[in-house]
2 protein chains.
Amino acid sequence: MSRGPSARRPAPAGNHHGIPDATVARLPVYLRVLYGMADRGVTTVSSEELAAAAGVNSAKLRKDLSHLGSYGTRGVGYDVEYLVYQVSRELGLTQDWPVLIVGAGNLGRALANYGGFASRGFRIAALLDCDPGVVGTVIARHTVRSADEIEEAVRKFDVAIGVIATPAAAAQNVCNRLVAAGVRSILNFAPVVLNVPSDVDVRKVDLSIELQILAFHAQRRTAAARLFDLPPGGDLARGIAARGLPASPAAASPNGRSGRGARAAAESRAVAGSGSEDDYTTGAQAVGT
Amino acid sequence: MSRGPSARRPAPAGNHHGIPDATVARLPVYLRVLYGMADRGVTTVSSEELAAAAGVNSAKLRKDLSHLGSYGTRGVGYDVEYLVYQVSRELGLTQDWPVLIVGAGNLGRALANYGGFASRGFRIAALLDCDPGVVGTVIARHTVRSADEIEEAVRKFDVAIGVIATPAAAAQNVCNRLVAAGVRSILNFAPVVLNVPSDVDVRKVDLSIELQILAFHAQRRTAAARLFDLPPGGDLARGIAARGLPASPAAASPNGRSGRGARAAAESRAVAGSGSEDDYTTGAQAVGT
DNA sequence: ACGCCCTTGTGAACGTTTGCACAAAGTCGC
DNA sequence: GCGACTTTGTGCAAACGTTCACAAGGGCGT
């Protein structure tokens, strides 16, 4: 409901419920680690171990778990199986969640083939696409159906969670139809900001944004390294020469940068650029079958 | 950068880097919206409009932008083109970032076909996979190369950002090799917690976690909607669970879930689960052949 | 030139999240 | 049965993030 750029919480439904959002976001990680431990036969785990495996601070982990109740044993730790159950229950994974996937491009296919999907309480109810060339094909044992059937599928399978894996241009429309059909939880892979009523929970997964955040930190790192006049290894320069830059006149703007080894500036694009090619969900060529 | 013990805190000098993380995470969203506006010919935008389009509060937007400098004009708003340039520059998108993708399953293919990839300063340097059946095939104009060439590719293309789109089991190994080869920014799609040195920046994109967070809120919503049915769990499960109930905590909760119509319980799985099917990055069947 | 109106930029209040440090509460050896 | 040891659960304070509210500043009409 909040967390992240998809946050949208104008008025009500604040976090007056028990568990902090930050904690909820970490519970699935703990759960995954716990499953792994259970698989390896581990029966008991301390907050220190579990925290290390989950990549967090142990105090944070204990505080997180304390929101679910006192399920540990002092001097010993937590019972893995018991904790798995408690976390699963808190997350609502002890019930079955039929999920509707709209968009059967590369991404939709990747999702449909995701094994962990079915294994944790989520089940693909249906897979829809609007491309007549894809409708009717079988992906991961599901026959792709027409996107016209959104409302019907939601009703028929009692879908509570919708996944939008369509191109950006189609996303809002699909979203509107999902919401109108009664879906209140949406996972959006399309690179657009969806407009929804305040009682709808949208979470966004966006490759492009993550890359840009990485780029920011990478840039800072190299900028810092440059202060020490880091010796730019010979191979860096060679790397530049080696790759055939696709046409980058790079009419250098007011700044000559030289990041990790001089990187071709592409600022003309950055400013003039426009590009409505924000679709990584497309790639709808024929299925290899 | 991996949050944690990496940063000491001798001096209470607030943010030891200029821009708050929360702001950095939102800048790409603003940027996308700005591009859309520029495409539509909008030349000037107010914080109110931009905020609405980006799905945030206008005060937050102004504060975010104020971290980059004073690029607005009071009484008027922001110049779209100028702001695009400033945000791009701040994010480091005015330079070219060669990206290495490891794993050419469905997800890797979806990424490779993502148009927005190349359009914002990111360029696919190479696409690797370890499946001999995939190596040599062409995806989005890139010939898939062997995963053995990680080190070589990083060196040759001066790769700064690595994308891990492999099955979970292979992820840590690939990660180690990327780091050893000098990559300091990693985008991980595999559902595992990667272990990296503190100077490596890892970002995770995890479908399963997002779904689980959605499920939590959805459950809460339906639980609230049925105030009548049952007392809000909690001590219920604790009673039955008591102590070591290795076998079937599942048998304990087939209570009336009447939320959005009866849903098939799948609780035995929720606990017994295990499963190493945490790979939504697989699905590496033949490509177009 | 001047005053009105609009929007930015920001100080300050408020809420959330993190991390420390330690008492409470349990186990284990003897 | 008891003391030493281990680990949980939590009070507290600092760090971080969000939101409000408004003064500062700039354009525009007259």
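None of these values were measured; they are calculated from a predicted model. Here is the naming used below: chain letters follow the sequence lines, and residue numbers restart at 1 for every chain.
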Going by atom types only, do Tyr82(B) and Gln86(B) share a side-chain donor-acceptor pair under 3.5 Å?
yes

Please name the pair of heavy atoms, one in Ala165(A) and one in Phe189(A), separated by the smallest distance, quoted to 0.1 Å.
CA-CB, 4.4 Å

His67(B) atom NE2 is separated from dC16(D) atom C1', nearest whole Å, by 11 Å

Distance, rounded to the nearest Å, where Arg62(A) contributes CZ and dA21(C) contributes P:
13 Å

Distance check: side-chain N/O of Asn57(A) vs OP1/OP2 of dT17(C), anything under 4.0 Å?
no

Nucleotide of dA21(D), dG9(C), dT17(C) approaching Ser70(B) most closely (side-chain heavy atoms):
dG9(C)

Quickly work out the Glu48(A) CD to dT8(D) P distance and round it to whole Å.
8 Å

Check this for me, if you would: do Arg184(A) and Asp201(A) make a salt bridge, where the nitrogen-to-carboxylate-oxygen distance has to be below 4.0 angstrom?
no

Do Lys63(B) side-chain and dT19(D) base share a donor-acceptor contact under 3.5 Å?
yes

Write down the distance between CG (Leu68(A)) and P (dT8(D)), rounded to a whole number of angstrom.
14 Å

Does OP1 or OP2 of dT8(D) have a side-chain N or O of Ser47(A) closer than 4.0 Å?
yes

For the side chain of Arg74(A) and the base of dT7(D), is some donor closer than 3.5 Å to an acceptor across the two?
no

Polar contact flag, side-chain donor to acceptor under 3.5 angstrom, Arg89(A)-Thr94(A):
no

Provide, to the nearest angstrom, the distance between the CG atom belonging to Leu83(B) and the P atom belonging to dT8(C).
11 Å

With heavy atoms under 4.0 Å as the rule, sort Ala22(B) into base, sugar-phosphate or nothing.
sugar-phosphate

Out of dC20(C), dT8(C), dG27(D), whichever nucleotide has its closest atom nearest the side chain of Ser46(B)
dT8(C)

Separation of Leu61(A) atom CG from dG9(D) atom P, in whole Å?
10 Å

Under 4.0 Å between a Lys/Arg side-chain N and an Asp/Glu carboxylate O for Arg32(B) and Asp206(A)?
yes

Closer to the 5' end of DNA chain C via nearest nucleotide, is it Gly75(A) or Ala59(A)?
Ala59(A)

Please tell me which of the listed nucleotides, dT19(D), dT8(D), dA21(C), lies nearest to the side chain of Tyr78(A)?
dT8(D)

Distance, rounded to the nearest Å, where Asp64(B) contributes CG and dT8(C) contributes P
14 Å

Separation of atom CG in Asp21(A) from atom C1' in dT18(C), rounded to whole Å
15 Å

